[in-house]
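Both counts, for ligands and for their atoms, begin at 1 and track the order of listing. Below, each value reflects all heavy atoms present in this structure, side chains not excepted, and no hydrogens, waters or symmetry copies. All residue numbers in this chain count up from 1 along the given sequence.
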Amino acid sequence: MKRRLKLILASAFAVATVSGVAFFALPASAEAASFTVTNAWSTGYQGEVTVSNPSSSSISTWKVELTLPSGSTVGQAWNATLAASGQTFTFTPAGWNASIAGGASTSFGFLVNGSGRPTSCTVNGVACTGLAGTPSTSATTTSTAPTVAPTTTSASPEPSATTTTPASPAATTTAPARTTPLAINGQLKVCGTNLCNAAGKKIQLRGVSSHGLHFFPSCYTGTALDALATDWNADLFRIAMYVQEGGYETDPSGLTTKVNSLVDMAEARGMYALIDFHILNPGDPNYNLARAKEFFAKVAARNADKKNVIYEIANEPNGVSWASIKSYAEQVIPIIRANDPDGIVIVGTRGWSSLGVSEGSSSAEIVSNPVNASNIMYAFHFYAASHKDNYRAEVSTAAASLPLFVTEFGTVSASGDGAVDTASTNAWLDLLDRLKISYANWNFADKSEGSSILKPGACAAGTFSGTSVLTESGQLIRSRIRTADDF
Ligand code: IDC
């Protein structure tokens, strides 16, 4: 879970002074560090620094030095080793997070006694220099002292690294409250072509999709969702409820109950829940129109007061025109709205949610004939080994006109199996990060197929944290998802 109220722009080191805020950009080739006040109270604050490596080769270690004004001291740090000399506080790796791969980052946190923000900094001995940007400081203080100790979940070490487990801040009465993606962002809404939080800030959610709920019941337990929330720092969990193949069509009440219970489990862990009406074959969503109306009326009414629910009304329409998909959406959305007026709805797109590209069309057919409803987004899906530059170009174009949400993607081929295409996956995720497009990875299950996050047998064994239970795809996705959010 993440606790961060962003003070600064990416790739710059920000130093907030007591009276104002100064920004210090790093030399272009250096590691970058960003400083965030993640919570504040009358006698102190909690900070987080993210050290990122913008180069393409890995760095073997890092050192961040902060100088605080007299009267303020760093009391403790986690996910870093702290040393103090006068007013200079030096942070070095906790042991397990020394090396940073090209393009990756690592974060550490600390508690300051006193309200003085850092007045200078270095990263790996390079002075942070230059002025860059004007931050908002409005969200950096709270008037009352929170009472719950933070956890160390924002960049926790591997479970096996027991000797280097970072120290958790003590549970004192001045320790900050633990927050989560849901607590930070609240009820989401669509703003222009973006997803925004309750405060109107553009945000990106990163998480995973279940496989078909009814296929892998032992994969969607409290322990599994704990791992996603605390070990992965996932923001969202997509609840893929197949309609055919033994799904909702066969067991409507059982699967409705299961979906609702997973909504609750995600909520309890501070994650958003994406309710996916997983149609696939037949590809015309109107085949399931009556089932969709019945299902969404129930889940929208039942979850109306929750802030963590997003509705995805048709996973992958295929072999059907945009006009038919639009007609389906314009019949299902009013039913959701009547029960849950402020829930975001995501509409699948033509050609397996490819914005039409996989069936020779493009997003232009949506732009010229959008669904007649507000607070909606459009789904885009890709499989990195199958869908490359022309699809990325289409997403870049479409994102200028349409609110997009990658409700499903795989690191492998569109079959869901085969080798992980790391380069294409990273190219995709870099693009989505840049465009602030939210995503969920297919799939959190332990089936023997390339797109599975978990190794076969992991769900029955009941262990979901760390990397040893993960496939190659799972490890790649976890490393992308658990980095600091820009909330
Ligand atoms: C695949 C699963 C596979 C399952 C198959 C049929 O990975 O185990 O046998 O569905 O149920 C999609 C679909 C998604 C597919 C996935 C991979 O939304 O259901 O899952 N995929 O083929 N669209 C493109 C790829």
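Put simply, the side chain of Tyr328 never gets that close to the backbone of Asp284: no donor and acceptor are under 3.5 Å apart.
Looking at Val299 and Asn260, their side chains come closer than 4.5 Å, going by heavy atoms from C-beta outward.
With respect to Arg269 and Asp264, no salt bridge is recorded, no charged nitrogen being found less than 4.0 Å from a carboxylate O. Between Asp251 and Lys258 there is no salt bridge, since no side-chain N of the basic residue sits under 4.0 Å from a carboxylate O of the acidic one.
Near ligand 1, residues His211, Tyr242, Glu245, His278, Leu280, Asn315, Glu316, Tyr383, Glu408, Ala414, Ser415, Gly416, Trp442, Lys447, Glu449 come within 4.0 angstrom through at least one heavy atom.
Among Trp428, Tyr439, Tyr391, the single residue meeting the ring pair (Phe, Tyr, Trp, His ring centres under 6.0 Å) criterion with Phe382 is Trp428.
What you find for Asn197 and Lys189 is that their closest heavy atoms are O-NZ, 3.6 Å.
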